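Below is one structure, written out as structure tokens; comments come after it.
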Amino acid sequence: MRLARMGGIGLVFAAILGGLWFFQARDKWAALSYEGMPVAETWYDWRSFNRPLINHGFLVGWSDVRGNPLWVTYRLTRVKDPHSDPRPRGFREDWRSLWPITSRDYSHSGFDRGHMAPNYAMSVVHGRASQLDTFLMTNISPQKPDLNRKVWQRLEEVVIDHFVPRFGTVWVTTGPIFDKDIRRMDSLIEIPDAFYKILVVPGSVGKPPKALAFIMPQTVKGNEPLSDFVVSIDTIEQRTGLDFFSDLPDNLETRLESTVDSKAWRLGRVSRLPSRY
DNA sequence: TTTGGTGT
């Protein structure tokens, strides 16, 4: 009898603590993503199953099965005097991943440790703690050097150097794409076939939001114009099994995700900009 | 280097 009562009290406390955790987490999920974080279209499908990890300034949808983040979301805003702290020395294991993933798992694999939330932009906009979090292995995905160090880097530079100053606020959703055939590195981390990046400038009164989306395959040469890789968000949803921006009113969401609107972004002017380095 | 690699 007494045992049952104590058990009951324990359950009530657990429920209260769990509830508090959930509501706090839910607030952070909402604050770190635009109109709802990405969700798997089929919740029981292991291929798109992921769980949200909260970091300073960005959110990660982590897949323990693939050993990759399936999506990362963050907001970039204009800052007056952009400067970044020095690049940290190394990549760090994230204790939250089910399988321990370390920097060494990428060594001699032929793949770069590719940031999803980027070091420089996060440092400039969100500060040191955020910058350090971008070096967690749960923010890293295997990228071929010609992608990571060339055209993907150019895309990230255009976002932080041109789009953010021009529009004030840009929401970014980015991650890997896995086609049906599964290839893994020796460390069993799965190798993506391509990467996507979705940019959204939020709407204002009487003005709908605008989006620009890219898919870049691992096989790029690196000197292609960015405009070669523009796609609709619908295409990315089909290839990832994720649903983006699901909190938008349906008519807005449908329009945003089906249209390709590179003119409004004046992409042509920055499409062939060389990397700064 | 606003991307990364390798090594101790």
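Per chain, numbering begins at 1; letters A, B, ... match sequence-line order. Only heavy atoms go into these numbers, but all of them, side chains included; no hydrogens, no water, no symmetry mates. Quick caveat: nothing in here was measured; it's all calculated off a predicted structure.
Of all nucleotides listed (B:dT3, B:dG5, B:dT6), B:dG5 comes nearest to the side chain of A:Phe91.
Comparing A:His108 and A:Pro118 along DNA chain B, the residue whose closest nucleotide (by nearest heavy atom) sits nearer the 5' end is A:Pro118.
B:dT1 and B:dG5 have their P atoms separated by 15 Å, with the value rounded to a whole Å.
In this structure the side chain of A:His126 never reaches within 4.5 angstrom of the side chain of A:Asp133, judged on heavy atoms.
An OP1 or OP2 oxygen of B:dG5 is reached within less than 4.0 angstrom by no side-chain nitrogen or oxygen of A:Arg89. For the OP1/OP2 pair of B:dT1 and a distance below 4.0 Å, the side-chain nitrogens and oxygens of A:Arg87 include no atom meeting the criterion.
In this structure, A:Phe245 has its ring center under 6.0 Å from that of A:Tyr34.
We find that OH of A:Tyr106 is positioned 17 Å from P of B:dG7, with the value rounded to whole Å. We find that CZ of A:Arg104 is positioned 11 Å from P of B:dT8, with the value rounded to whole Å. Rounded to whole Å, atom P of B:dG4 lies 13 Å from atom CD of A:Gln218. Rounded to whole Å, atom P of B:dT3 lies 18 Å from atom CG of A:Leu273. Between A:Gln131 atom CD and B:dT3 atom C1' there is a gap of 14 Å when expressed in whole angstrom units.
The salt bridge (Lys or Arg N to Asp or Glu O under 4.0 Å) contacts involving residues 258-274 of chain A comprise nothing, where partners must be two or more places apart or lie in separate chains.
Residues forming a salt bridge (Lys or Arg N to Asp or Glu O under 4.0 Å) with A:Asp161 (at least two apart in sequence, or on another chain): A:Arg276.
By the 6.0 Å contact criterion, CZ on A:Arg47 is open, its count of non-hydrogen atoms from other residues, nucleotides or ligands being 12 or less. Within a 6.0 Å radius of CH2 in A:Trp99, other residues, nucleotides and ligands contribute 12 heavy atoms or fewer. The environment of A:Asp186 atom CG is sparse: at most 12 non-hydrogen atoms of other residues, nucleotides or ligands sit within 6.0 angstrom.
A:Ser123 comes within 4.0 angstrom of nothing in the nucleic acid, heavy atoms only.
Listed by residue number, A:Asn148, A:Arg149, A:Gln153, A:Glu157, A:Asp161 are the residues of residues 140-167 of chain A with a heavy-atom contact under 4.0 Å to DNA chain B.
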